[in-house]
Amino acid sequence: TSTEMLEGDDKANFVLACSVMLLWFDVLQYFVYGPEGGNLRTIQRSAFKVGQVVIFVCPIYIGFVIFGVSTFGGQAPQFETFSSTSIVLFATLNGDEVRQTYTAIQQDCTDCASPVIGWVYMSAWLCFAMYVVLNIVIAIIEDVYMTLREIPSNEGGKDRTIDEFAFDQVLSNFQEKESRGLIKTS
């Protein structure tokens with residue numbers, strides 16, 4: 001049966017999973033519309049700048065991870081290993097497990113450090129991650145999107161938005177079909 005095949009060879013499952021993933025990546029081509037490119041072009045053009053921010057943040061992130069493991073790893077289960085601390089900090093960067101992490105540091109760490117150090121550690125990480133890093137990434141993506149949103153027009157150098165461009169395309173398509181007699185208006 002098909003379940004026996006799926007449970008069998010791990011290499012075949014890996015190849016199958018990669019194939020399906022790449023097929024889904026192929027769907028991204030349908031997010032591109034018009035010469036300005038829409039969502040996909042925005043992602044493509046902002047990826048390099050966002051990558052630079054990620055590279056800049058990595059040493060700071062690793063520093064927070066090492067501090068978390070060395071200070072709270074002895075008692076708080078979220079901070080026992082490098083990978084678990086890294087996962088917790090990444091989750092809090094995205095707004096997940098914030099309260100649980102604060103609670104774990106406050107309640108579980110009685111001998112490892114003072115609760116004030118834990119509070120300062122998590123607050124410093126959250127302020128840096130959410131208020132600085134995420135806002136920089138959002139600003140980069142927004143800047144690229146706004147740059148791509150304005151399309152130079154041949155009509156007096158006026159800029160057109162994506163909506164105006166799409167409306168002009170639909171209108172010209174409609175007028176062409178009407179002139180050929182495919183659409184009758186009366």
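Side-chain atoms are counted along with the backbone in the values below, which use heavy atoms only and exclude waters and symmetry mates.
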Would you call T85 and Q78 a side-chain contact if the rule is heavy atoms closer than 4.5 Å?
no
Applying side-chain hydrogen bond (donor to acceptor under 3.5 Å, both in side chains), name anything that partners S83, two or more places apart in sequence or on another chain.
T81
Does any non-hydrogen side-chain atom of F79 lie less than 4.5 Å from one of S70?
no
First locate atom CG of D96, then atom CD1 of I87, and finally report the distance between them rounded to the nearest 0.5 Å.
12.5 Å
Aromatic ring pairing Y121/F72, orientation class (parallel under 30°, perpendicular over 60°, tilted between):
tilted
Cluster check I62, I60: I/L/V/M/F/W/Y, side chain < 4.5 angstrom
yes
What are the two closest heavy atoms between G95 and M130, and how far apart are they?
CA-CE, 3.5 Å
Checking T92 side chain against L89 main chain: does a donor-acceptor pair fall under 3.5 Å?
yes
Backbone of Y131 reached by a side-chain donor or acceptor of N135 within 3.5 Å
yes
Taking only residues two or more places apart in sequence or in another chain, which ones pass side-chain contact (heavy atoms from CB on, under 4.5 Å) with V132?
F128, I136
Gap separating the OG atom of S46 from the CD1 atom of I140, nearest 0.5 angstrom:
8.0 Å
What distance separates L23 CG from M21 CE, expressed to the nearest 0.5 Å?
10.0 Å
Same apolar cluster: I138 and L93, side chain cutoff 4.5 Å:
no
Side chains of W119 and I105 in contact at under 4.5 Å (non-hydrogen atoms)
no
Drop me the distance from Q100's CD to E97's CD, to the nearest 0.5 angstrom.
6.0 Å
Starting from M122, can I reach F90 by hopping between I/L/V/M/F/W/Y residues whose side chains sit under 4.5 Å apart?
yes
Quick check: closest heavy atoms across V65 and S86, and the distance to 0.1 Å?
CG2-CA, 3.9 Å
Can you list every pair that meets ring pair (Phe, Tyr, Trp, His ring centres under 6.0 Å) and has a residue in residues 43-63, with sequence neighbours left out?
Y61-W125
Please report the shortest heavy-atom distance between V69 and E80, naming the atom on each side.
CG1-O, 4.2 Å
Honestly curious: do F67 and V120 fall in one hydrophobic cluster under the side-chain, below-4.5 Å linking rule?
yes
Taking atom CZ as the centre, does F82 end up with more than 12 heavy-atom neighbours from other residues, nucleotides or ligands that are less than 6.0 angstrom away?
yes
Please report the closest heavy-atom contact between A104 and A76, naming both atoms and the distance.
O-CB, 4.4 Å
Minimum heavy-atom separation for S84 to P77, with atom names?
OG-O, 4.2 Å
